[in-house]
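To start, the structure itself, in structure tokens.
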Amino acid sequence: MAQVEAIVASVQGLSARRDDWNSLLQQLEGQADVLTQNTKNIDLIVAQLNPAIHAIGVAFVMHLKVKSGDRNALSEDLFLTQVKQLLLNGDAEQLQFLRPKVCEICREFTETCRTSSHAMFGIKALVAGVEKLRPTPEHLTSVHGDLLQLCLVAKCFTPALPIIEQRVLKVSKESMQARDFILYFYYGGMVLAAVKKFPEALDMFQLAFTMPCHALNEMVVECYKKNVLVSLIAQGEVPTLPKYTMSLVQRLCKSSCAEYQDLAQMVSSGKVGEVSGWVEKHTDMLRKDGNLGLAKQALAAGYRRSILALTQTFVTLSLADIAEQVSLPDAAHVKAEILDMIDKGQLVATIDEEKGMVSFDAEPEKTNSQQLLHKLVSEIQVSLDLNDKLRQVQDSIGASQAYLVKVSQQERQSRWGEPG
């Protein structure tokens with residue numbers, strides 16, 4: 001007990017001034033082995049500390065608790081409560097001082113919430129964790145992916161949207177691994193697809209599977225599968241992979257996703273009727289991949305594009321004729337699709353139920369000049385901001401010692417034939 005009191009006193013005495021934090025960390029590291037042997041003392045220490053002013057001490061001992069693996073079902077609720085209090089009330093500057101350890105705590109917290117059906121409990125804490133651990137809003141941390149995962153498990157997407165919509169331009173290197181990049185964009189794409197923001201979801205999936213890599217992993221393959229389905233929903237076709245995609249990814253994704261490639265070929269060939277059969281044939285595979293819902297939406301999007309294509313040729317057409325041309329089962333299904341499209345503003349038409357005829361009208365102007373101007377100004381501002389960021393990166397690289405040495409060596413070699 002005296003040892004616990006000594007540690008608490010050290011934390012309380014050395015937490016106030018940033019100049020003392022390194023000394024505090026050294027003292028805690030000296031007690032790490034002893035604390036790991038008896039993790040009950042960790043709970044005693046945490047109970048006597050205030051995360052708002054002693055976040056380094058709380059985070060350090062909680063990290064020891066995570067690394068020890070000594071948590072049973074009886075202490076699970078206590079662990080979740082301790083971490084939640086640390087993230088919600090902890091001092092942001094102190095948490096950033098121990099960012100790698102706090103990120104590991106958040107990863108274990110996320111896994112515990114997921115497996116214990118407490119996903120909703122952890123969302124608010126991880127939102128606070130993201131905001132406190134990132135040096136700036138433009139920084140990406142491993143906690144971003146943890147938050148998105150819990151939002152998906154809980155089917156609560158609203159807290160995730162502000163995080164995803166924030167442009168990411170920098171990375172907290174000391175707390176990130178390659179898988180954290182892929183998971184962030186993968187989970188982000190799934191969240192955006194769940195809220196029907198398919199163009200944005202497509203961007204996220206594409207960023208995930210086009211990252212440089214030396215070996216194909218399952219996450220990349222899953223990203224590509226969802227990329228195919230979301231492309232069919234958003235664009236009606238699967239675009240050619242970007243030129244910067246690794247040749248390994250291009251080759252192996254296509255061979256590992258042959259069934260999805262067949263689907264893309266059917267849609268691009270206008271064989272919407274065959275898509276329904278494909279979905280029925282591969283229902284088990286789609287359910288296993290977690291893509292059955294996206295596949296059904298891709299099928300529905302194909303029907304709707306076929307109906308919209310008819311408006312380019314016909315002014316009036318019967319429900320039965322539309323059903324035949326777009327491969328829908330009957331007139332009732334066509335009517336339901338058209339009514340839903342009208343309700344969502346995708347189609348302007350009137351249905352004569354007595355005659356079973358549909359009249360397609362000219363599409364009205366969807367946006368007024370004021371809305372268009374506002375959107376244009378917004379897009380221009382985004383472009384200007386990105387241009388400023390690129391210029392800052394260019395200036396930073398141009399002033400770096402490594403770059404200057406490399407350029408100097410290349411100039412000497414080109415002028416005098418000296419070896420580089």
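None of these values were measured; they are calculated from a predicted model.
Counting all heavy atoms, side chain and backbone alike, Pro135 lies closest to Gln96 at CA-OE1, 4.0 Å. The two residues Val191 and Leu148 make their nearest non-hydrogen contact at CG2-O, 4.4 Å. Across all non-hydrogen atoms, the minimal contact from Met62 to Val46 is SD-CG2, 3.9 Å. Here the closest non-hydrogen pair linking Leu95 and Leu133 is O-CD2, 3.7 Å. For Ser231 against Val238, the heavy-atom pair with the smallest separation is CB-CA, 4.0 Å. What you find for Leu229 and Ala298 is that their closest heavy atoms are O-CB, 4.2 Å.
In summary, the side chains of Tyr224 and Gln261 do present a donor paired with an acceptor at a separation below 3.5 Å, with no hydrogens or angles considered. Side-chain atoms of Gln381 and Asp385 form a donor-acceptor pair, as typed in the model, at a separation below 3.5 Å.
Residues Val358 and Leu317 fail the side-chain proximity criterion, which asks for heavy atoms closer than 4.5 Å. Contact annotation: the side chain of Ser15 approaches that of Leu24 to within less than 4.5 Å [non-hydrogen atoms, C-beta and beyond]. Val66 places none of its side-chain heavy atoms less than 4.5 Å from the side chain of Arg107. Counting heavy atoms from C-beta on, the side chains of His63 and Leu98 never come closer than 4.5 Å. A 4.5 Å side-chain heavy-atom check between Phe198 and Gln297 finds at least one atom pair inside the cut-off. Residues Lys132 and Val102 have side chains not in contact (no heavy-atom distance under 4.5 Å, counting atoms from C-beta outward). Considering only heavy atoms from C-beta on, Tyr187 stays 4.5 Å or farther from Met204 through its side chain. His144 has its side chain out of reach of Gln166: every pair of non-hydrogen atoms, C-beta onward, lies at least 4.5 Å apart.
Taking CD1 of Ile164 as the reference point, atom CD of Glu200 lies at 10.0 Å (rounded to 0.5 Å). Atoms CD1 and CG, from Ile322 and Leu328 in turn, are 9.5 Å apart once rounded to the nearest 0.5 Å. Atom CG of Leu192 is separated from atom CG of Leu202 by 10.5 Å, given to the nearest 0.5 angstrom. Atom CG of Leu299 is separated from atom CD1 of Ile233 by 10.5 Å, given to the nearest 0.5 angstrom. Distance check, rounded to the nearest 0.5 Å: CG of Leu292 to CG of Leu294 gives 9.0 Å. Note that OH of Tyr303 is 15.0 Å distant from CG of Leu308, once rounded to the nearest 0.5 Å.
When atom types are taken as modelled, the side chain of Asp330 and the backbone of His333 share a donor-acceptor pair closer than 3.5 angstrom. Of the possible polar contacts, none joining the Gln85 side chain to the Pro51 backbone as a donor-acceptor pair under 3.5 Å is found. A donor-acceptor pair under 3.5 Å links the side-chain atoms of Thr110 to the main chain of Cys106, judged by distance alone. With hydrogens and angles disregarded, no donor-acceptor distance shorter than 3.5 Å links the side chain of Ser327 to the backbone of Ala323.
A cation-pi arrangement, defined by a distance under 6.0 Å to the six-membered ring centre and an angle within 45 degrees of its axis, is absent between Lys226 and Tyr186.
By the neighbour-count criterion of 12 heavy atoms within 6.0 Å, atom CD of Glu324 is sparsely surrounded, having that number or fewer from other residues, nucleotides or ligands.
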Derivation of the side-chain contact (heavy atoms from CB on, under 4.5 Å) call for Glu29 and Leu25 | CA-CA 6 Å; Glu29 288 173 345; Leu25 186 58; 3.8 Å; yes
Carefully, step by step, assess Thr112 and Glu108 under the rule side-chain contact (heavy atoms from CB on, under 4.5 Å).
-> CA-CA 6 Å; Thr112 304; Glu108 188 65 26; 4.0 Å; yes
Trace of the side-chain contact (heavy atoms from CB on, under 4.5 Å) decision for Ile56 with Val11 = CA-CA 8 Å; Ile56 291 176; Val11 173; over 6 Å; no
Please lay out, stage by stage, how Trp21 and Glu93 fare under the test side-chain contact (heavy atoms from CB on, under 4.5 Å).
-> CA-CA 11 Å; Trp21 291 354; Glu93 192 174 3; 3.9 Å; yes
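A salt bridge is defined here as a Lys NZ or Arg NE, NH1 or NH2 lying under 4.0 Å from an Asp or Glu carboxylate O, and Lys335 with Glu353 meets this definition. A salt bridge links Glu104 with Lys67: at least one charged nitrogen is closer than 4.0 Å to a carboxylate oxygen.
Classification of the Trp278-Tyr260 ring pair by plane angle, with boundaries at 30° and 60°, yields perpendicular.
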